[in-house]
Amino acid sequence: MKASINTNDWVLPLRAIFSYLCSHFQIKFRSPLMANRYKEFKHLNLPAIEKEVLQRWERENAFKKSIEVREGAEPFVFYEGPPSANGMPGIHHVISRTLKDLVCRYKTMQGYKVQRKGGWDTHGLPIELGVEKELGITKEDIGKKISVAEYNQKCREAVLRYKDKWDDLTTKMGYWVDLEHPYVTFTNEYIETLWWCLKELYNKGLLYKSVSIQPYSPAAGTGLSSHELNQPGTYRNVKDTSAVAMFKAVKSGRSQFLFDAAGDDEVFFLAWTTTPWTLPSNLGLTVGPNIDYVLVKTFNPYTHLPVNVVLAKSLVNRYFKPEGENGDLEEYSPDQKLLPWKILTEFKGKELEGLEYERLLPYEANSLEAIQAITPDAQPFRVLLGDFVTTEDGTGIVHTAPAFGADDYKVGKKYNIGILTLVDREGKFVDGLGEFSRRFIKDYKNEPDYVDVNVDISVKLKKENRAFKVEKYEHSYPHCWRTDKPVVYYPLDAWFIKTTAKRERMVELNKTINWKPESTGTGRFGNWLENMVDWNLSRSRYWGTPLPIWRTEDGSEEKCIGSIEELNAEIKKASQVLGGDVNTHYLHDGILDLHKPYVDEVILVSESGKPMKREPDLIDVWFDSGAMPYAQWHFPFENKEIFQENFPADFIAEGVDQTRGWFYTLHALGVMLFDSVAYKTCVSNGLVLDKNGNKMSKRLGNVVDPFQTIEKFGADATRWYLITNASPWDNLKFDLEGIKEVQRKFFGTLYNTYQFFALYANVDRFSFKEAYIPLEERPEIDRWILSSLQTLIKKVTAAFNDYEPTQAGRLIEDFVDEHLSNWYVRLCRRRFWKGEYEQDKIAAYQTLYECLETVVRLMAPISPFFSDELFINLNAVTQKHKEESVHHILFPTPKEEYIDILLEERMGLAQDASSLILSLRKKANIKVRQPLQKALIPVLNPLMEQQLHKVEDLITAEVNIKELEYLSDTEGFIKKKIKPNFGALGKKLGPLMKAVNTALSNFSQHEISLFEKEGRYSIPVGNDEFVDLALSEVEISSEDIPGWTVASKGPLTVALDINITPELIQEGDAREFVNRIQKIRKDSGFDVTDRIEVKVAANNGISSSLAKYNDYICAEILADKLELTSNIDEGTEIEVNDNPLKVIVLKKG
RNA sequence: AGAUCCGUAGCUCAGCCUGGUUAGAGCACUACACUGAUAAUGUAGGGGUCACCAGUUCAAAUCUGGUCGGGUCUACCA
């Protein structure tokens, strides 16, 4: 502080010389740091201001400097979740980035060093699919129509396609993040760290290969991980053709009891499926061992043939109407609607175990020979027992196709029924299935004339007396997050990370993370961890991080590579051991690109000297982003110290949809690699919906373009709106009207306040060069606003510290609007433009300046542009800070000694009293310009009188009355009301409260005043019991002053003397006249300091009013002369209190 | 089906944690004022079964349980 004051001493004369030179030699030059006038605006144009500020930031390297100025300071670590730049950014990106930015800016202002490395997610399905669409190819064409090398080159070119748009948005929205040195996930360095991570996991035994039934997207040609399946929007309600198929039981010793009951007719097991395409692969039927089943005699509703069917007892009424029970089976005719039916027998599921049935759809491909060719000894087509069977849907008998369901696979393995996968990886039936061969099981190719094979299968079953019910069934079914096509469950070889082995630790460490809101962490994320399954890493694609594992052909030996150096050494070794052409391309320079196809060309050698090939899989892109804490620094190959300093993150923030995505992969890798959390605080923001609460989608056309929004309303207004409208984690209904409101109400008010300050400070040449006037020498209102300001600083700081920016923003808004603009400035206006430049005026300037500067610093994290503009404009004149941006200085700290609770309280009284008096004026229809004599305020105690007395001048000036009169406690004059102080009495009285309340409400005026005098009172509550009340346990308020019209709010009551004496009328005339002249001054475009002369022709009572108040009028309107004449020809016609006048207003000089 | 968030004025939201007696604000609407800050402001008015039901309590928008509606997420539902 001291240094800057010293600086001022010599800067001021220099500045004078400088400006003299500039004006005389007409040098057009505006130093950003120096000015002798506060910049005044013509209009509030936020977008234009922002453009200027952006240019300045760029010119001055403001972002870089904001980190440099904290060199050596304690770091605050932030991780940027990498966006994928192959799509356009949307408005929902603006909210999470605003959140990230404001926290980082705030922490910088708190003195931390906050590095923010940007990043790009560049691998994976979205990019590949985009490229395929562009080239008009499918996955099968890769390696045929286009080489893998060329394909990957195309991907590499496509990944940063919209980088410019993203950078543009980042810049324009004021998001400070390092775009010059971002981490890019496809670089060798990045991949090398990923390999290092994988090898660490491998060495810990956490990486393994296994066959399992996994979600698989035929359209995308790859398996999906559980968290990919858990992206929003993947589960969708779809209508599928479902079928209840009839599996014909084979007669045997064990099934005899069924045939006995059925009178030796055919017996069928009913099994339901929503995926009829799995029926040809059926190898078993699973029943619940303890579920009750029944054999029902009835007719097939399609073929009308008599049948006997088995299904769960509790599901009988799902298929049969009660009226049909025991109906006449003999008389059934095909045209009757009601199916007659009859339960023949009942039994437990376990009695069905091992019963055989006939193949439903016999073809070459699902013959016993074909099955046993894959699984020797397999014994398919039997009834199995499984615990997973429920009776909530279907028939209680589960059609089991081991290839297409995890449960099916498990139970099938147990009973050794074999496995048939009669659908290939493209999603079409294999050969050997008759008319269904090579047909797609779902419309994966967007064929215009696609015919649903599921329908055809169902029709076939119907015709063959093998379907009992076929209908459209609506259920939620997972879809591939990129292709939007339905996923199937499919047996795949895959590499897994054994996340389940670390579940306990992950759960434990999760409890140390500060989640905003808490429920995301405990609920959504916590549940996810509890139910976690192993992480399926494998992807059968081309553009991604290759799995660095090489294996011998028989799988007996394998090697996991953890660095480029290691790979190059192994390359050489293999070449030497294996000889021939092995790895010849890679011997000289080593490997130059870690992607396909190059890594696949590399052959390594096993310990026993056998060649090893790379496992063909790529890894899940989510591993890329989850490993960014390490890979962004190329750890451990470089930057070890930087990494140590930047792990774990203090703070991350993304949309809540990342809970199972990035939040999870970061956490999982942090725990598994370093036994640490990866982030200490995680803020998850909600979705951005349109103004009607619908999700934004291109299809509905309700998306909001962030560029247009910022261009039109400015980034600051947009940011402020996004942050203050709702808590970040609540869903936001985005409405442009809301931004307009913010712009008008908050920014408009702040702008007006600044503008007002600048206008008069420029007139008076206020530059804060005078000594700081001690608080005790400033008037009441200054001390009040400064006290409120400190309270504001405290609350805003607390809110920001608690990651509650919404609270912070709303507090600032309220202060600027309610306190600063609508009370302080309004009441102090005259201090700025009246009188000489002396102590009181300087105090006013200093106070308003301090408020403005502080507010600007408080709001800077949320509103970086406008705050910086105002800061620079203020500081350019006063030079109080040597920093050149608000984002380089420190956040304000509250001056506790400025806080005066009593003062804030009595100002509240003044505001209430003024408001009440204005409302009384309104009731009596007397305008504020008409002075009134007095207002009466009953005071309940000495403190209240004292308090009011101190703000008396403010009230009288504000509501234009001559005096306040206090009515002290004279019995009979003020009517008082008493009621219990519920809060205080509740605990003490409990059930007696009602009685006391009744007693108090029946108090007479006399009893109330007795109570007040004594300070206590004993109240009878029946049965000779009494309750002793203290004065603090009741609330006494004045309710009425007999004979007066009153208004009250809480304990405050006001009466207004509405007698208007002739003298008051004259004064009112004078004030009205001043108002008219001021309007003329303004309309004529006079400067606020111009002196004028006025001639008035008044032929009525007004002239005497004007004569009487001549001096007052002249002072107000800056007139040197007010001349009253009887008549003038020209002049402006005005009206003063219904009297017409003519005036001529002339500027002097 | 389960988890979670939400439901307060026409709209956007406070208040709920810690129960207290007229449930607030802004926007919008209407009328009247004020103003040398003017795309601002004040006063007044209309507008609420605090989603519903039950419980706890002297007292419930607030605490508890349930129901309904909406969002998001989960699930190996054949």
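Quick note: numbers below take in every heavy atom, side chains included, and nothing from hydrogens, waters or symmetry partners. All figures in this text were calculated on a predicted structure; none of them were measured in a lab. In the text below, chain A, chain B and the rest are named by the order of the sequence lines, each starting its count at 1.
- Using N1 to N3 plus N6-O4 or O6-N4 for Watson-Crick, or N1-O2 and O6-N3 for G-U wobble, each under 3.5 Å, B/A25 pairs with B/U12.
- As a whole-Å value, the separation of A/Asp814 CG from B/G15 C1' is 14 Å.
- Across all strands shown, B/C73 is found opposite B/G2 as a Watson-Crick or G-U wobble partner, with both distances under 3.5 Å.
- Distance from the side chain of A/Tyr760 is smallest to B/A37 among B/U22, B/A37, B/A33.
- Judged by closest nucleotide on RNA chain B, A/Asn997 is the one of A/Thr395 and A/Asn997 placed further toward the 5' end.
- Atom CG in A/Leu722 sits about 15 Å away from atom C1' in B/C13, given to the nearest Å.
- For the P atom pair drawn from B/C5 and B/U49, the interatomic distance equals 26 Å after rounding to whole Å.
- Counting distance only, with no hydrogens placed and no angle test, the side-chain atoms of A/Ser821 and the base atoms of B/A37 include a donor-acceptor pair under 3.5 Å.
- Using a 4.0 Å cut-off, no side-chain N or O of A/Lys1079 falls inside it from OP1 or OP2 of B/C34.
- Pairing of B/U49, defined by two Watson-Crick or G-U wobble distances under 3.5 Å, is not identified with any nucleotide.
- Side chain A/Arg829 to base B/A37: a donor-acceptor pair is found below 3.5 Å.
- Within the nucleic acid shown, A/Gln755 has no heavy atom closer than 4.0 Å to any nucleic acid atom.
- With the nearest nucleotide of RNA chain B identified for both A/Leu920 and A/Thr753, A/Thr753 has the one nearer the 5' end.
- Scanning both residues, A/Thr273 and A/Thr275, for their nearest heavy atoms gives OG1-N, 2.9 Å.
- Atom CG in A/Leu870 sits roughly 19 Å away from atom P in B/A37 (whole-Å rounding).
- Checked by atom type, the side-chain pair A/Asn510/A/Trp515 shows a donor-acceptor distance below 3.5 Å.
- Distances shorter than 4.0 Å separate none of the side-chain N or O atoms of A/Arg830 from OP1 or OP2 on B/A37.
- Across the strands present, B/C63 finds its partner in B/G55; the criterion is a Watson-Crick or G-U wobble pair with both atom distances under 3.5 angstrom.
- Within the nucleic acid shown, A/Arg810 comes within 4.0 Å of sugar-phosphate atoms alone, with no base atom in reach, counting heavy atoms only.
- Between the C1' atom of B/A78 and the CG atom of A/Leu384 lies a distance of 13 Å, rounded to the nearest Å.
- For the pair A/Thr749 and B/A40, the criterion of a side-chain N or O lying under 4.0 Å from OP1 or OP2 is not met.
- Nucleic acid contact class of A/Phe404 (heavy atoms, under 4.0 Å, all strands): none.
- The residue from A/Thr286, A/Leu385, A/Ile417 that alone fulfils the side-chain contact (heavy atoms from CB on, under 4.5 Å) condition with A/Val411 is A/Thr286.
- The gap from the C1' atom of B/G7 to that of B/U67 amounts to 14 Å, rounded to the nearest Å.
- Counting heavy atoms of neighbouring residues, nucleotides and ligands inside a 6.0 Å radius, atom CD1 of A/Ile1058 does not exceed 12 of them.
- We find that CZ of A/Phe746 is positioned 16 Å from P of B/A40, with the value rounded to whole Å.
- With B/C13, B/C76, B/U41 as the choices, the nucleotide that has an atom nearest any side-chain atom of A/Asn725 turns out to be B/C13.
- The closest side-chain donor-acceptor pair between A/Glu813 and A/Trp720 falls under 3.5 angstrom.
- When both pairing distances are held under 3.5 Å, B/A33 makes a Watson-Crick or G-U pair with B/U41.
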